[in-house]
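Single-structure report; data block below.
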Amino acid sequence: MPIIHNTFKKFQTLVREESGIHLSDAKKNLLTSRLAKRLRHYGIDSYDEYYRLVNEDSFELQMMIDIITTNETSFFREPHHFDYLKNSLLPEFKGSKYRVWSAAASIGAEAYTLAMILDEGLVPRNISWEVVGTDINTEVIEKAKQSLFPMEHATKIDKKYLKNYCLKGTNKYEGFFLIDDTLRRNCTFLHANLMYPPSSQIGQFDVIFLRNMLIYFDNENKKIIVENVIKALKKGGYLFIGHSETLNKITNQVRQIRPTVYIKD
Ligand SMILES: C[S@@+](CC[C@H](N)C(=O)[O-])C[C@H]1O[C@@H](n2cnc3c(N)ncnc32)[C@H](O)[C@@H]1O
């Protein structure tokens, strides 16, 4: 079903206001194809009518946000970051508890990868750890909490981590694996919109992963998000971004130490 340009513009504004995400004009087909199933669900035959519904119904507004966000992720994505954490940052840590935030966590693959690295590197030194995962999309946060993944997600996980931290599903869970309770009990997942400052309850972090998220925002909103996230980074803490992202002209509150790794001095 086609969308008139004016209606697309209204969705563009609404999406930006609610999530900060910039939907360029080139994303018109993407938006319509993603929303089409909601129109079918309600038996609605125009995007204008759906726009009215979304404005009146906060549940449907969240549904729309869930549908338009891109949640692509994988375990051990951009593995050099996990190598750097394991080989350079963890050995220098002197405290009693290490806290990491996966700030755009999607279904939790990044957070559980972090959990594997932290558990392996810190527990033998009697250092406890915690991973907090947040996302604006409520559906992915529920999946992250379940920690049950299709076997295809296991391909990038090293055998030793599969053996130590993943349980192979049987019977009705055939074809899935579950993250072991050793990791799950130190991982928390919360719904949060990074366009707003983090709640003070979330605390301060030694490391923040904000990867493959900034690409969906214009520079004005990138600045807001990065400044919000940095508020929760400890002095001397590290911020990781995705390989195709940069903080050039976005903030000078953190200093680049590697192409996609920054420190808060
Ligand atoms: C492509 S995924 C990246 C997942 C993971 N960080 C990685 O690199 O594999 C981007 C995530 O950012 C989330 N996101 C988009 N806008 C957001 C916002 N304003 N606040 C919090 N999360 C947001 C999306 O829902 C999505 O799950």
Side-chain angles (χ1 to χ4, degrees), residues 11-24 27 30-31 34 61-82 84-85 100-117 131-147 149 152-157 187-199 202 205 207-232 238-247 250 259-262:
F11 275 107
Q12 212 176 28
T13 306
L14 181 65
V15 167
R16 194 173 194 282
E17 279 167 6
E18 294 298 325
S19 69
I21 294 171
H22 171 62
L23 282 180
S24 68
K27 296 268 171 69
L30 183 90
L31 179 86
R34 287 190 181 181
L61 178 62
Q62 180 63 50
M63 277 300 260
M64 185 195 76
I65 298 295
D66 286 4
I67 288 168
I68 57 107
T69 52
T70 299
N71 313 115
E72 189 191 324
T73 190
S74 56
F75 283 83
F76 288 89
R77 185 178 192 181
E78 299 175 33
H80 60 102
H81 281 158
F82 301 102
Y84 182 62
L85 178 65
V100 181
W101 182 15
S102 170
S106 186
I107 56 172
E110 179 179 87
Y112 289 123
T113 303
L114 287 163
M116 292 177 198
I117 299 294
V131 174
V132 177
T134 58
D135 202 286
I136 196 173
N137 179 319
T138 50
E139 198 185 334
V140 294
I141 285 297
E142 284 316 306
K143 284 193 180 159
K145 284 181 186 168
Q146 282 169 12
S147 77
F149 296 94
E152 302 89 82
H153 280 273
T155 50
K156 299 268 175 59
I157 307 178
C187 296
T188 313
F189 293 95
L190 306 165
H191 178 235
N193 182 350
L194 298 177
M195 287 296 291
Y196 297 96
S199 122
I202 202 171
F205 294 93
V207 165
I208 299 176
F209 272 48
L210 178 68
R211 304 191 311 162
N212 304 302
M213 190 252 185
L214 293 173
I215 35 169
Y216 302 105
F217 299 81
D218 58 24
N219 274 2
E220 188 185 339
N221 284 350
K222 274 183 194 165
K223 278 184 192 157
I224 294 175
I225 288 171
V226 168
E227 284 185 5
N228 282 337
V229 164
I230 288 173
K231 285 191 176 88
Y238 299 88
L239 175 67
F240 289 69
I241 59 171
H243 72 280
S244 58
E245 299 164 326
T246 171
L247 296 186
I250 300 295
T260 49
V261 184
Y262 295 77

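We number each residue from 1, following the sequence as shown. Numbering of ligands and ligand atoms starts at 1, following listing order.
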Begin with the C-alpha distance, continue with both residues' side-chain angles, and end with the deciding distance and a verdict on side chain to side chain donor-acceptor pair (under 3.5 Å) for Asn71 and Glu139. CA-CA 10 Å; Asn71 313 115; Glu139 198 185 334; over 6 Å; no
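Proximity of Leu210 to ligand 1, defined as any heavy-atom pair under 4.0 Å, is not found for any part of the residue.
Below 4.0 Å from some heavy atom of Ala192 lie the following atoms of ligand 1, by number and element: 20 (N), 21 (C). Atoms of ligand 1 lying under 4.0 Å from any heavy atom of Glu72, numbered from 1 in the order shown and given with element: 1 (C), 2 (S), 3 (C), 4 (C), 9 (O). Near Arg211, meaning under 4.0 Å from any of its heavy atoms, are these atoms of ligand 1: 3 (C), 5 (C), 6 (N), 7 (C), 8 (O). Close contacts of ligand 1 with Glu110, meaning ligand atoms under 4.0 Å from a residue heavy atom, involve 5 (C), 6 (N), 7 (C), 8 (O). Taking a cut-off of under 4.0 Å to the non-hydrogen atoms of Asn137, the atoms of ligand 1 that pass are 25 (O). Near Ser19, the atoms of ligand 1 lying under 4.0 angstrom from a non-hydrogen atom of the residue are 19 (N).
Taking the six-membered ring wherever Trp is involved, the centroid distance between the rings of Phe82 and Phe76 falls below 6.0 Å.
The option from Ser106, Ser102, Gly20, Ala104 that lies nearest to atom 5 (C) of ligand 1, judged by heavy atoms, is Ala104. Distances from atom 16 (N) of ligand 1 to the heavy atoms of Phe217, Phe75, Tyr196, Phe240 show the closest one on Phe217.
For the 3.5 Å distance criterion, the side chains of Asp66 and Thr138 qualify, holding a donor opposite an acceptor.
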